[in-house]
Amino acid sequence: MEDAFSSDFILLKILSNLSLSELLSSSLVSKRWKTLSRTVLRDKHRCAVSFSGKDVCQILKEFSDCIGSMDSVPYNDLRINPCHLNGPCIEGSSADVTQICDTILSKMKLKYLDVHWFKELGMPDHNCPVMVTFLKEIFKREHCFNLEFLEFCHLPELQLFTACFEIDPEQGLKSLLPNLTTFKMINCRRSTLEFIKEIIRAAPNIRNLIVNAKSNMLDYFFSSGKCSALKKLVLNPAKNDSKICFRFSKTKPKLKYFAFSSIPDREYGPSQYFFATVKSILESSGNSLGLLYADQLDMVWLGNAGITFPKLSRLSTRFGQEVNQLLGFNSLSGIDFGKLFPNLKSVQIGPEFLRPGVILGDYVNAETHTVGGSFCGTVTELKLKYTWHILKDGSLRMVADVFPNVTHFIFEEMETYFVDCMEGLHASWPKLERISLSGYKVWKHSHAFSTAKCDAAFIGVSDEKIETLSHLDEETLKTLEVQPTRFSFRDFKSLKKFQIDTNHSYRECRINDDNKFIFSPLTGHLVFSKMPDLVVEIGRVLCNPQAGVSSCGYELRELSPFVSFVSRTVEHAQEHLISNSI
């Protein structure tokens with residue numbers, strides 16, 4: 001068969017038309033086909049290798065050993081996301097460290113780079129030379145040259161960044177990134193504009209700037225001629241910025257992410273000028289927008305604006321009964337989501353409270369507005385963030401009427417409310433397949449919270465019964481069948497995955513009895529072991545032992561027979577949920 005192809009050039013042309021899975025198969029034909037298939041993989045596809053966790057330096061060494069003897073390395077994408085690097089580093093001299101870095105970077109033709117900043121990098125007492133050296137090597141001119149995509153998360157001040165990577169502060173990143181076309185920043189609140197300026201200087205061919213650009217930055221984008229590259233914008237009414245925002249809207253931007261709020265405060269409220277700006281931006285971005293953030297009243301206005309978003313798949317909005325009372329109808333059911341967002345998949349809802357001075361006429365004509373009672377059947381993922389009032393005032397049923405086909409429900413920063421609303425959640429979405437809980441200091445609860453009460457809710461028995469069950473030995477619990485006397489977690493008959501992310505703050509470890517988990521082995525024996533189709537997953541980050549402490553409190557060894565543990569950083573846990581990048 002090989003004889004039929006006398007030229008590698010012809011074979012490369014043929015292989016370049018294959019899909020990713022087909023290329024993986026073709027690489028198994030022979031050594032020659034493997035080399036050429038990997039070349040196409042590297043040049044035509046995004047092939048990532050990810051280094052994450054607290055033992056990143058060990059992983060780097062193992063990866064270096066693995067690819068050192070390879071003739072053709074298919075990887076072109078590096079994703080570096082260490083948890084925190086206060087663990088033991090690999091043994092060896094500085095020459096060994098340099099050799100590891102040289103091997104990886106010389107074997108890979110780096111086109112994509114994703115770096116999550118970690119606070120220890122570059123600090124005097126930092127004891128992981130491998131990771132520091134590796135990142136410094138990446139930002140040397142020869143390794144940056146082919147970069148086409150660059151993403152940073154949690155960047156520090158610009159001065160610290162340049163110092164850590166030994167970049168000349170006078171030159172900055174100038175000319176380091178001649179082939180970069182896309183730059184993305186996530187959760188970077190410091191020096192945003194300074195970094196953007198540096199990137200534009202370094203990357204004259206930049207076409208996609210996915211950054212938290214605000215209205216007061218637009219002057220710079222006009223002066224640099226990069227308005228068309230801007231793909232993400234946060235817009236609030238500000239008197240001094242109204243003209244530049246309106247001017248930007250007339251450039252017909254093609255945004256991928258757009259957040260706007262007409263009433264951040266009452267010093268300067270919305271005007272028809274503001275809404276005209278927003279409408280113009282939305283009209284030009286209608287076919288490119290993937291994520292939209294809008295307040296509750298702004299969503300009502302949007303429902304009457306006559307714009308559709310065929311590609312938008314994620315929506316973040318707010319909801320509160322006070323606004324509904326002002327409107328005189330349920331704002332969610334008053335919006336035709338199916339018509340506005342025919343491809344909507346994920347919705348995040350935050351809390352909304354009535355703000356003083358709101359003029360209803362700015363948003364809707366209450367006399368002519370009709371409530372269609374429409375629903376959106378395409379949404380399968382719903383996230384509640386800080387919206388405990390929805391669970392208390394009966395609004396959950398309203399949400400379910402609008403989004404009836406949700407199969408994945410997410411609670412963020414309100415995990416204890418999940419225990420109280422399990423029955424209401426099941427009544428609203430009886431066919432839920434996945435439930436996720438996540439929070440910053442997830443299990444540092446008030447006095448009202450106790451593991452025993454949560455066990456009682458999961459098992460579906462009284463607090464008194466839990467007290468009795470807690471005295472039984474493990475062998476008895478393994479075979480015990482308890483008949484629920486109220487709603488229990490086992491009533492989620494369609495549930496396939498229960499995911500909990502314990503976002504370790506690194507500063508406080510769960511090392512004492514004051515920090516209780518949401519369930520104990522009682523729930524494991526009497527609930528999870530009786531649900532054979534259910535996967536219970538706990539995402540966590542374990543810290544190294546502190547002085548006088550034998551292990552991290554997030555080990556939760558007593559739950560290991562019933563759950564799967566996944567090592568995660570805080571950022572990785574959030575990636576499993578709806579993006580909060582806006």
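Nothing fancy with the numbering, it's 1 onward along the sequence.
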Write down the atom of Cys245, the atom of Ser215, and the distance for their closest heavy-atom approach.
SG-CB, 3.3 Å
List in chain and number order the residues that pass ring-ring contact (aromatic ring centres under 6.0 Å, His included) with Phe562, two or more places apart in sequence or in another chain; answer none if no residue qualifies.
His525
Is a side-chain donor-acceptor pair under 3.5 Å present for Arg318 with Tyr293?
yes
ring-ring contact (aromatic ring centres under 6.0 Å, His included) partners of Phe565, counting only residues at least two apart:
none
Could you go through the side chain to side chain donor-acceptor pair (under 3.5 Å) check for Glu381 and Ser346 one step at a time?
CA-CA 5 Å; Glu381 184 175 85; Ser346 298; 3.0 Å; yes
Does either side chain, that of His408 or that of Ser436, offer a donor lying less than 3.5 Å from an acceptor on the other one?
yes
Would you confirm whether Ser395, through its side chain, and Met398, through its main-chain N or O, come within 3.5 Å as a donor-acceptor pair?
no
Measure the spacing between CG of Leu255 and OG of Ser288 and express it to the nearest 0.5 Å.
6.5 Å
Evaluate the side-chain contact (heavy atoms from CB on, under 4.5 Å) criterion for residues Ile410 and Leu437: first the C-alpha distance (whole Å), next the side-chain angles of each, then the deciding distance (0.1 Å), finally the verdict.
CA-CA 6 Å; Ile410 303 164; Leu437 311 181; over 6 Å; no
Between Ser488 and Pro484 (side chain of the first, backbone of the second, donor and acceptor by atom type, cut-off under 3.5 Å), is there such a pair?
no
Lys345: side-chain hydrogen bond (donor to acceptor under 3.5 Å, both in side chains) partners, not counting sequence neighbours:
Asn343
Less than 4.5 Å apart, side chain to side chain, heavy atoms only: is that true for Leu522 and Ser470?
yes
Phe519 and Phe528: aromatic ring centres closer than 6.0 Å?
yes
Suppose we screen for side-chain hydrogen bond (donor to acceptor under 3.5 Å, both in side chains). Which residues come up paired with Ser284, at least two apart in sequence or across chains?
none
Indicate yes or no for a side-chain donor-acceptor contact from Ser428 to the backbone of Leu425 under 3.5 Å, with no hydrogens or angles considered.
no
Can you measure from CG (Leu235) to CG (Leu218) and round to the nearest 0.5 angstrom?
8.0 Å
Going by distance alone, is a donor N or O of one side chain under 3.5 Å from an acceptor N or O of the other, for Gln296 and Asp298?
no
So do Leu150 and Ile199 actually touch side chain to side chain, heavy atoms under 4.5 Å?
yes
Quick one: salt bridge (charged side-chain N to carboxylate O under 4.0 Å, His left out) partners of Lys339, sequence neighbours excluded?
none
NE2-CG distance between His426 and Leu495, expressed to the nearest 0.5 angstrom:
9.5 Å
About how many Å separate CG of Leu526 and CD1 of Ile459, when rounded to the nearest 0.5 Å?
4.5 Å
Show the numbers, then the answer: is there a side-chain contact (heavy atoms from CB on, under 4.5 Å) between Ile186 and Asn212?
CA-CA 8 Å; Ile186 299 177; Asn212 262 358; over 6 Å; no
Do Ile518 and Thr451 have side chains that approach each other closer than 4.5 Å (heavy atoms only, starting at C-beta)?
no
What one should report as the nearest heavy-atom pair of Leu344 and Thr378 is O-OG1, 2.6 Å
Would you please name every residue forming a side chain to side chain contact (heavy atoms under 4.5 Å, CB included) with Lys311, sequence neighbours left out?
none
Under the side-chain contact (heavy atoms from CB on, under 4.5 Å) rule, what do Leu209 and Phe221 come out as? Steps first, then yes or no, please.
CA-CA 10 Å; Leu209 286 166; Phe221 287 104; 3.7 Å; yes
When every non-hydrogen atom of Phe274 is compared with those of Ser261, the smallest separation belongs to CZ-O, 3.9 Å
Please identify each residue that fulfils side-chain hydrogen bond (donor to acceptor under 3.5 Å, both in side chains) with Thr317, with sequence neighbours left out.
none
Could you tell me which residues satisfy ring-ring contact (aromatic ring centres under 6.0 Å, His included) with Phe403, sequence neighbours excluded, listed by chain and number?
Phe337
Taking all atoms of both residues into account, what is the closest heavy-atom pair of Leu289 and Leu282, and its distance?
CD2-CD2, 4.1 Å
Quick check on ring-ring contact (aromatic ring centres under 6.0 Å, His included): which of Phe487, Phe458, Phe418, Phe409 does Phe492 satisfy it with?
Phe487
Using only heavy-atom distances, determine whether the side chains of Glu537 and Ser564 contain a donor-acceptor pair under 3.5 Å.
no
Enter the distance from Asp501:CG to Ile538:CD1 here, rounded to the nearest 0.5 Å.
10.0 Å
Restricting to salt bridge (charged side-chain N to carboxylate O under 4.0 Å, His left out), what partner residues turn up for Asp491, sequence neighbours left out?
none
Who pairs with Arg79 by salt bridge (charged side-chain N to carboxylate O under 4.0 Å, His left out), at least two apart in sequence or on another chain?
Asp77
Taking only residues two or more places apart in sequence or in another chain, which ones pass ring-ring contact (aromatic ring centres under 6.0 Å, His included) with Phe309?
Phe341
Rounded distance (nearest 0.5 Å) linking atom CD of Glu283 with atom OG1 of Thr308:
10.0 Å
Measuring centre to centre across the rings, with the benzene-like ring taken for any Trp, is Phe498 within less than 6.0 Å of Phe489?
yes
Show your working on side-chain contact (heavy atoms from CB on, under 4.5 Å) between Ile307 and Lys279 and close with a plain yes or no.
CA-CA 8 Å; Ile307 310 171; Lys279 186 173 182 180; 3.8 Å; yes
Counting C-beta onward and ignoring hydrogens, is there a side-chain heavy-atom pair between Met299 and Asp295 closer than 4.5 Å?
no
State, yes or no, whether a side-chain contact exists between Ile335 and Leu340 at a heavy-atom distance under 4.5 Å.
yes
State, yes or no, whether a side-chain contact exists between Leu230 and Phe248 at a heavy-atom distance under 4.5 Å.
yes
What pair of heavy atoms forms the shortest contact from Lys232 to Met185, and how long is it?
NZ-O, 4.3 Å
With sequence neighbours excluded, tell me which residues meet side-chain hydrogen bond (donor to acceptor under 3.5 Å, both in side chains) with Ser520.
Asp455
What's the shortest heavy-atom distance between Leu315 and Leu291, and which atoms?
N-CD1, 4.2 Å
N-O pairing of Lys496 and Asp533 below 4.0 Å
no
Residue pair Leu382 / Val399, side-chain heavy-atom distance below 4.5 Å:
yes
So do Lys497 and Glu433 actually touch side chain to side chain, heavy atoms under 4.5 Å?
no
Ion pair Lys383/Glu412, N-O distance below 4.0 Å
yes
The residue among Val211, Ile210, Asn208 that forms side-chain contact (heavy atoms from CB on, under 4.5 Å) with Phe183 is Val211
